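Right, one structure below, let's go through it.
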Amino acid sequence: MSVFSIEFFCCLLLCAVSWNCTSPDTTPAATSSTPPNVCQGSYFEEAEADSLHKVWLADLDARKEWEERAEIIRSGIIAGAELDQGPAFTPLNPLIQGKQIREGYTVENVAIESLPGFFVTGNLYRPLEYSGKLAGILSPHGHWREEYDYGRFRADKQRLCANLARMGAIVFAYDMIGYGDSDQVDHDHPQGVALQTWNSMRALDFLLTLPEIDSEKLAITGASGGGTQSFLLAAIDSRIAVSVPVVQVSAHFFGGCMCESGMPIHKSEVHQTSNVEIAALMAPKPMLLVSDGEDWTQHTPEVEFPYIQHVYSLYDAEEQVENVHLAAEGHSYGINKRKAVYPFLAKHLGLSLEALKDAEGKLHEKEESLMSRESLSVFNKAHPKPGHAVQGNDAVWALWK
């Protein structure tokens with residue numbers, strides 16, 4: 001068992017106390033079949049969420065008050081996602097193959113075992129040339145699932161990871177459950193929150209097995225459902241040093257998919273919280289919120305960001321949290337959002353922006369050919385899925401138990 005796993009489960013002992021994935025314009029309402037204490041989709045009306053957060057804010061006059069509340073919220077995530085009943089930290093048995101050499105970086109196809117026979121699959125982006133210790137960045141993806149616009153194979157994901165590698169970081173882009181090579185369970189698995197959060201923890205474990213990784217410079221960034229994975233992991237795993245959730249932190253919207261809010265991580269018999277407060281658990285470490293004008297983050301400058309900024313002020317760390325709001329844009333991890341993220345990560349991870357600058361010194365993403373889904377896939381005819389792979393929702397969850 002790793003040092004982290006021992007510390008993590010010691011903390012647990014000390015702690016207090018039909019859904020579908022949706023596009024930005026389609027949010028499921030809770031129904032009579034919704035389990036108790038599960039906060040799904042647009043759980044609050046926007047005005048209700050604004051008022052409630054103002055009430056909570058009025059109760060936070062001192063750092064001690066926030067830290068007491070933060071412990072309840074963190075404990076609620078751990079218990080609600082059944083991470084306090086979680087499995088052992090078993091060997092990752094990494095498979096790394098299919099190295100491609102690109103302009104300024106390399107890409108390898110990776111699988112690790114988060115549970116024996118259950119694989120986290122993705123791509124590892126590294127700088128082509130480097131020396132010394134490097135920052136490590138996790139890059140989960142959101143619920144884009146069209147054949148031409150899919151998960152970690154998307155154009156925006158490839159460009160983000162490629163440029164972060166050019167800047168001097170090692171980046172692991174990994175599949176949501178039920179996406180890409182991760183086809184051992186359905187994406188709407190009833191315990192999707194638990195499985196995906198666990199996979200993110202194990203993905204971080206994997207980065208730390210790489211000898212060139214600087215354990216003090218670990219970050220996570222993703223958009224939409226990948227933003228949810230980003231702030232959830234940052235909330236419960238103290239190894240994350242920098243968090244950048246994109247187009248997802250909302251006071252009224254709790255995530256429209258089972259993998260985001262299908263387990264009771266926001267509410268218990270003793271508390272009610274929101275994704276704003278979960279994101280604020282990152283304080284006082286660096287965090288950037290990227291928001292836009294066409295989804296549930298449209299009021300971030302007036303609602304979500306001031307609340308989080310107040311939490312940071314309790315640590316005298318207001319300068320550590322930022323918001324870039326793109327009022328004329330919609331739900332994506334598009335070019336302007338990426339151009340906001342690069343300088344923030346460069347600043348807080350010690351990365352270089354020189355490889356991304358044009359002749360005038362402005363940030364400019366290189367034009368490059370995208371890699372095919374086939375070339376980025378981990379399992380294929382040449383590299384079949386290992387024979388001990390477990391298949392099916394019940395069979396995988398049995399590994400947890």
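It should be emphasised that the depicted structure is a prediction, and the values quoted were computed from it without experimental measurement.
Under the rule for a ring-ring contact (aromatic ring centres under 6.0 Å, His included), Tyr312 has no partner lying at least two apart in sequence or in another chain. Applying the side-chain hydrogen bond (donor to acceptor under 3.5 Å, both in side chains) rule to Asp149 yields the partners Arg154; only residues at least two apart in sequence or on another chain are considered. Under the rule for a ring-ring contact (aromatic ring centres under 6.0 Å, His included), the partners of Phe254 that lie at least two apart in sequence or sit in another chain are Tyr43, Phe44, His266. Not a single side chain to side chain contact (heavy atoms under 4.5 Å, CB included) links Pro306 to another residue, sequence neighbours left out. The side-chain hydrogen bond (donor to acceptor under 3.5 Å, both in side chains) test applied to Ser182 returns no partner, not counting sequence neighbours. Under the ring-ring contact (aromatic ring centres under 6.0 Å, His included) criterion, Tyr342 pairs with no residue at all, not counting sequence neighbours. Residues satisfying the side chain to side chain contact (heavy atoms under 4.5 Å, CB included) test with Ser369, not counting sequence neighbours, are Arg102. For Ser268, the side chain to side chain contact (heavy atoms under 4.5 Å, CB included) partners two or more places apart in sequence, or in a different chain, are Val270, His271. With sequence neighbours left out, the side-chain hydrogen bond (donor to acceptor under 3.5 Å, both in side chains) criterion links Arg126 to Glu108, Glu212. With sequence neighbours excluded, the residues satisfying ring-ring contact (aromatic ring centres under 6.0 Å, His included) with Phe206 are Phe172.
Under the 4.5 Å side-chain criterion, counting only non-hydrogen atoms from C-beta, Glu113 is not in contact with Leu92.
Note on residues 55-76: pairs passing ring-ring contact (aromatic ring centres under 6.0 Å, His included), not counting sequence neighbours, are His53-Trp56.
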Scan the side chains in residues 389-400 for donor-acceptor partners under 3.5 Å anywhere in the protein, sequence neighbours excluded, and list what turns up.
unit_1	atom_1	unit_2	atom_2	d
Gln391	NE2	Asp183	O	2.7
Asn393	OD1	Asp186	N	2.8
Asn393	ND2	Asp186	OD2	3.3

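The environment of NZ in Lys54 is sparse: at most 12 heavy-atom neighbours from other residues, nucleotides or ligands sit within 6.0 Å.
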